[in-house]
Amino acid sequence: MWSRRLDLISVVVLLAVLATTALSGLLADYLGVPRSLYHRLSAYSLVLMALLHVWLRRRQLWRRIGAEVGRHQGPVSRPERVPNTPREQPHPATPSRRMLLISGVGAAAAFVLGRWWQPGKVPSELVGTDPGLSYHQRSKPDLWGIVQRPFQWGELPPLYKYYPSARRIRLPGESGYRGIPVEEAIRRRRSIRDYSGDPMTMEQLSLLLHSASGITEPAYPLRASPSAGALYPVETYPVVNSVTGLATGVYHYRPGDHSLELIREGDFRSDLLKYTGGQDMVLQASVVLVLTAVFQRTRWKYQERAYRYVLLDAGHLGENLYLAATSLGLGPCGIGAFFDDEMNRLVGVDGDEEAAVYLVSIGRLG
Ligand SMILES: Cc1cc2nc3c(=O)[nH]c(=O)nc-3n(C[C@H](O)[C@H](O)[C@H](O)COP(=O)(O)O)c2cc1C
């Protein structure tokens, strides 16, 4: 009796896990996430539940296989058919040949569809509804637009952001560290998603931040990454998981005096995991750098082209971080797939004036 109940429960759980695996797979596909902890866990659970299911039905399965083998051994060896007694009635859930055939064909079709089926090309009439394309077209310069356009869009906001009431942590200055040649860093650079989970040092964090947005030419001042019009719209918020001598929490980087401001203390690993759709490298990373953009800094001057420039600026910071991390023997990974509103809330920006545009996780190699 209990085994039948267990059997029924296993079927219900199996179906639930199947649905979760399908949904988490669709989510990972939709976000373009190469690895999702949620999908992996449901897939493992699915395998476990399928094994349990087969184990619970092992007797019927053996009986069925035995009967099939016997039937194919021909009339000589075929055992005499005895009418079923009530005890010998096949289990109602014994898989019939038709069921097995349908399951086999279904599994093969799902495999073929998943592996080779490509959804058709986007119909040309839909291309116009791609907001990226319509933005791209509408932000092209045209002569009449140039004549008509106002001199500037609004005011230039401050180029530096400060949190006056936040606790400030000075970062170590020039450490004399000299890494590998840039050609070597370019050759070695890879997106790394497996980290040891060990903490990085303050010196390493300091070098990373300086390589992305540190001031390298104090006279103007100009920074490590290029920026359209030297307007530097990108702010950096390190979410610290494990850096020696630094409390875990959300920080803000101040390029002006190369220091950090503590915005929120606490362990935000599970938030990072959720908001990146289960990309579990954020759990073992020493730090996840959330790059935001203050759009008005660039919009003021470049108007409708500003959004292009802001993202290009963020990309420059991202590559500098990749190369600096590689040179320091650390593993970087760019993350474009994240839930915007939640990530904005995590670092405390409103999502309109300032919004998260790119993340880079960095950790010690595993
Ligand atoms: C804009 C951008 C967004 C990316 N987003 C993700 C992401 O969300 N998750 C991830 O694992 N990798 C992400 N990557 C890393 C790419 O998958 C990776 O660069 C690509 O597979 C090439 O591998 P490589 O960087 O090792 O050469 C992103 C890279 C870029 C440039």
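One-based numbering, in listed order, for ligands and for the atoms of each.
- Looking at atom 28 (C) of ligand 1, its nearest protein heavy atom turns out to be G334 O, 3.5 Å.
- The nearest heavy-atom contact from the protein to atom 22 (C) of ligand 1 is S191 OG, 4.7 Å.
- Heavy atoms of V33 stay at 4.0 angstrom or farther from ligand 1.
- Atom 7 (C) of ligand 1 lies below 4.0 Å from at least one non-hydrogen atom of the protein.
- No more than 12 heavy atoms of other residues, nucleotides or ligands shown are found within 6.0 angstrom of CD on E155.
- For ligand 1 and A337, the ligand atoms under 4.0 Å from any heavy atom of the residue are 8 (O).
- A salt bridge links D257 with R168: the closest approach of a Lys/Arg side-chain nitrogen to an acidic carboxylate oxygen falls below 4.0 angstrom.
- Of the polar atoms of P34, none of the N or O atoms is found under 3.5 Å from an N or O of ligand 1, judged by distance alone.
- R193 NE, 2.6 Å is the protein heavy atom nearest to atom 11 (O) of ligand 1.
- Residues passing the ring pair (Phe, Tyr, Trp, His ring centres under 6.0 Å) test with Y160: none are found, sequence neighbours excluded.
- Residue-ligand proximity, G336 to ligand 1, at heavy-atom distances under 4.0 Å covers atoms 3 (C), 4 (C), 5 (N), 6 (C), 7 (C), 8 (O).
- For the pair Y302/L231, a side-chain contact is recorded, criterion being any heavy-atom separation below 4.5 Å from C-beta on.
- Remark: ligand 1 atoms within the under-4.0 Å shell around heavy atoms of I335 are 5 (N), 6 (C), 7 (C), 8 (O).
- Annotation: atom 9 (N) of ligand 1 to nearest protein heavy atom, Q279 OE1, 2.7 Å.
- The R189 neighbourhood of ligand 1 comprises atoms 24 (P), 25 (O), 27 (O), with distances under 4.0 Å to a heavy atom of that residue.
- The aromatic ring centroids of F339 and Y275 lie 6.0 Å or more from each other.
- Under a cut-off of 6.0 angstrom, the local environment of CZ in R167 is sparse, with at most 12 non-hydrogen atoms contributed by other residues, nucleotides or ligands.
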Apply salt bridge (Lys or Arg N to Asp or Glu O under 4.0 Å) to the pair R254 and E261, showing each step before the final yes or no. CA-CA 7 Å; R254 287 169 50 133; E261 293 164 313; 2.9 Å; yes

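- For R297 and Y232, the positive end is not near the middle of the six-membered ring at less than 6.0 Å and at most 45° from its axis.
- Note: no N/O pair closer than 3.5 Å links M281 and ligand 1 by distance alone.
- Cation-pi geometry between R58 and W55 is met: the NZ or CZ atom falls under 6.0 Å from the ring centre, inside 45° of the normal.
- Checking only distances, Y358 never comes within under 3.5 Å of ligand 1, N or O to N or O.
- When only interatomic distances are considered, the shortest N/O to N/O separation between C333 and ligand 1 does not fall below 3.5 Å.
- Distances from atom 3 (C) of ligand 1 to the protein include at least one heavy-atom value under 4.0 Å.
- The shortest side-chain heavy-atom distance between T216 and H210 falls under the 4.5 Å cut-off.
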